[in-house]
Amino acid sequence: MTFASLITKYSKPMEPVPTGLPPRVNRRIRPAAILFDVYGTLFISKAGDIGVAVEEARRNRSRIAAMFERYGIGADPGEILDRFFAEITAEKEKMAGKGIEYPEVVIEKIWMRVLTLDDLGKVRRIAVEYELIVNPVFPMPHMEKLFDACRKKKVAMGIISNAQFYTPRLFSAYLKKPFRKIGFDERLTFFSYRLGYGKPSLAVFEKAARQLREHGVSVKDALYVGNDMLKDIYPASMTGFGTALFAGDARSLNLREGDARCRDVTPDLVVTDLAQIIELL
């Protein structure tokens, strides 16, 4: 079974949950490039983000156990999950000890150690199914319409996202085309699993800013769209991007009102529907 088939198998329509926040324009922007967060911004995400989703794993233990059984894994699912979370924590602590801020693991390597399997294809299928069980996703309304408008207006598109190998495959499964043909500029696409670190590190946004300059776009003419004030708006703003807080789904909107880093950060835009961004083009 292909990854697209797995994603389709687990796919169930979801609707955004209104946040009650109105759209707002604090500074008008006509972007030459738009970079996006993925989870909670382009895709409705039950967990609101990508991550270990400990509580969701506990709640879905029976489904996870059935999935392990289908793959011939007979160990106790509770023990497997405990080892899984422990391995992630240990790997991140090891990386942090080497000076990596906001370290990111490669999830299939974690699963290979936990399950003592060296069949990468099998491990990746398990990783995809596990993620779809604990963190089901569905395209945000008007996502494809926004991509079409960006291509039509020749606005460069990119991604800065905490992600794993299966993240690009979500686009392929739902949009029925290879990720590379959707319109994202590979030079402006930054996934945490490839970098070894993730948001809210400023380093990834600085990489994106350098690539934009090489692309002939000033960072002040680029817009970053995300749902989290700390992971998205804070580092984008500190790096000089125009910023749009996506406040279209209560599952994922994270205002971080108690975080001092976000206290004096104001997004240039607040949008509650991806279609509102089309008006900027």
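Proximity of a side-chain donor or acceptor of Gln164 to a complementary backbone N or O of Ile107 within less than 3.5 Å is detected. Between the side chain of Thr239 and the backbone N or O of Phe205, no donor-acceptor pair lies under 3.5 Å. Without hydrogens or angle criteria, Ser252 side chain to Gly40 main chain gives a donor-acceptor distance under 3.5 Å. Under a 3.5 Å cut-off, the side chain of Asp185 and the backbone N or O of Gly158 do not form any donor-acceptor pair. In terms of modelled atom types and a separation under 3.5 Å, the side chain of Ser11 and the main chain of Ile7 share no donor-acceptor contact. Of the possible polar contacts, none joining the Tyr234 side chain to the Leu202 backbone as a donor-acceptor pair under 3.5 Å is found. Side chain of Asp249 to backbone of Ile44: no donor-acceptor contact under 3.5 angstrom is found. With hydrogens and angles ignored, the 3.5 Å screen pairs no side-chain donor or acceptor of Ser172 with any backbone N or O of Pro178. Without hydrogens or angle criteria, Glu104 side chain to Arg194 main chain gives no donor-acceptor distance under 3.5 Å. A donor-acceptor contact shorter than 3.5 Å links the side chain of Arg83 to the backbone of Val114.
A distance of 13.0 Å separates CE of Met112 from CD of Glu87, quoted to the nearest 0.5 Å. Taken from CG in Asp268 to CG in Leu223, the straight-line distance is 7.5 Å, to the nearest 0.5 Å. Annotation: the span from Lys231 atom NZ to Ser161 atom OG amounts to 10.0 Å, rounded to 0.5 Å. Remark: Leu188 CG to His215 NE2 distance equals 5.5 Å, nearest 0.5 Å. Taking CZ of Phe241 as the reference point, atom CG of Leu212 lies at 5.0 Å (rounded to 0.5 Å). Atom CD of Gln211 sits about 10.0 Å away from atom OG1 of Thr189, to the nearest 0.5 Å.
A salt bridge is absent between Glu279 and Lys153: the closest approach of a Lys/Arg side-chain nitrogen to an acidic carboxylate oxygen does not fall below 4.0 angstrom. With respect to Asp82 and Arg58, a salt bridge is recorded, a charged nitrogen being found less than 4.0 Å from a carboxylate O. Look at Glu91 and Lys109 and you find no salt bridge, because none of the NZ, NE, NH1 or NH2 atoms lies under 4.0 Å from a carboxylate O. Salt-bridge formation is not detected for the pair Asp228/Lys199: no Lys NZ or Arg NE/NH1/NH2 atom is positioned less than 4.0 Å from an Asp or Glu carboxylate oxygen. Ion pair Glu129/Arg70 flagged as a salt bridge, since at least one NZ, NE, NH1 or NH2 atom sits closer than 4.0 Å to an Asp/Glu carboxylate oxygen. By the 4.0 Å N-to-carboxylate-O rule, Arg61 lies close enough to Asp76 to be salt-bridged with it.
Between Phe138 and Lys12, the shortest heavy-atom distance links the atoms CD1-O, 3.6 Å. Across all non-hydrogen atoms, the minimal contact from Ala208 to Ile160 is CB-CD1, 3.8 Å. Minimum interatomic distance between Thr19 and Ala250 (heavy atoms only, all atoms of both residues): CG2-N, 3.4 Å. In terms of heavy atoms, Leu281 sits closest to Pro31 at CD2-CG, 4.2 Å. The minimum heavy-atom distance linking Leu274 with Leu146 is given by the pair O-CD2, 4.0 Å.
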Passes ring pair (Phe, Tyr, Trp, His ring centres under 6.0 Å), Phe36 versus Tyr224? Steps please. CA-CA 6 Å; Phe36 300 94; Tyr224 184 73; 8.2 Å; no

Evaluate the criterion side-chain contact (heavy atoms from CB on, under 4.5 Å) for residue pair Ile277 and Val225; output intermediate values, then yes/no. CA-CA 9 Å; Ile277 299 173; Val225 186; 3.9 Å; yes

Given the rule in the salt bridge (charged side-chain N to carboxylate O under 4.0 Å, His left out) test, do Glu56 and Arg59 qualify, once you have shown the distances and angles that lead to the verdict? CA-CA 5 Å; Glu56 285 298 323; Arg59 279 192 285 269; 2.6 Å; yes

Where do Phe191 and Phe165 land on the ring pair (Phe, Tyr, Trp, His ring centres under 6.0 Å) test, with the steps shown first? CA-CA 9 Å; Phe191 291 122; Phe165 75 91; over 10 Å; no

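Side-chain atoms of Gln276 and Thr272 include a donor-acceptor pair closer than 3.5 Å. In this structure, a donor-acceptor pair under 3.5 Å is absent between the side chains of Asn26 and Thr266. In the model, Ser5 has no side-chain atom that pairs as donor or acceptor with a side-chain atom of Thr8 under 3.5 Å. Between Tyr39 and Thr167, the side chains place a donor N or O and an acceptor N or O closer than 3.5 Å (distance only, hydrogens not considered).
Shown here are the side-chain contact (heavy atoms from CB on, under 4.5 Å) partners of Lys122, two or more places apart in sequence or in another chain: Tyr71, Leu117, Asp119, Arg125, Ile126. Applying the ring-ring contact (aromatic ring centres under 6.0 Å, His included) test to Tyr102 and every residue at least two apart in sequence or in another chain returns nothing. In terms of the side-chain contact (heavy atoms from CB on, under 4.5 Å) criterion, residue partners of Arg63 (sequence neighbours excluded) are, by chain and number, Tyr10, Asn60, Ile133.
For NZ of Lys152, the number of neighbouring non-hydrogen atoms (other residues, nucleotides, ligands) closer than 6.0 Å is 12 at most. Other residues, nucleotides and ligands contribute over 12 non-hydrogen atoms within 6.0 Å of the CZ atom of Arg151.
Under the 4.5 Å side-chain criterion, counting only non-hydrogen atoms from C-beta, Pro16 is in contact with Pro141.
Using cut-offs of 30° and 60° for the angle between ring planes, the Phe179 and Phe184 rings count as parallel.
Ring pair Tyr130/Phe84: centre-to-centre distance below 6.0 Å.
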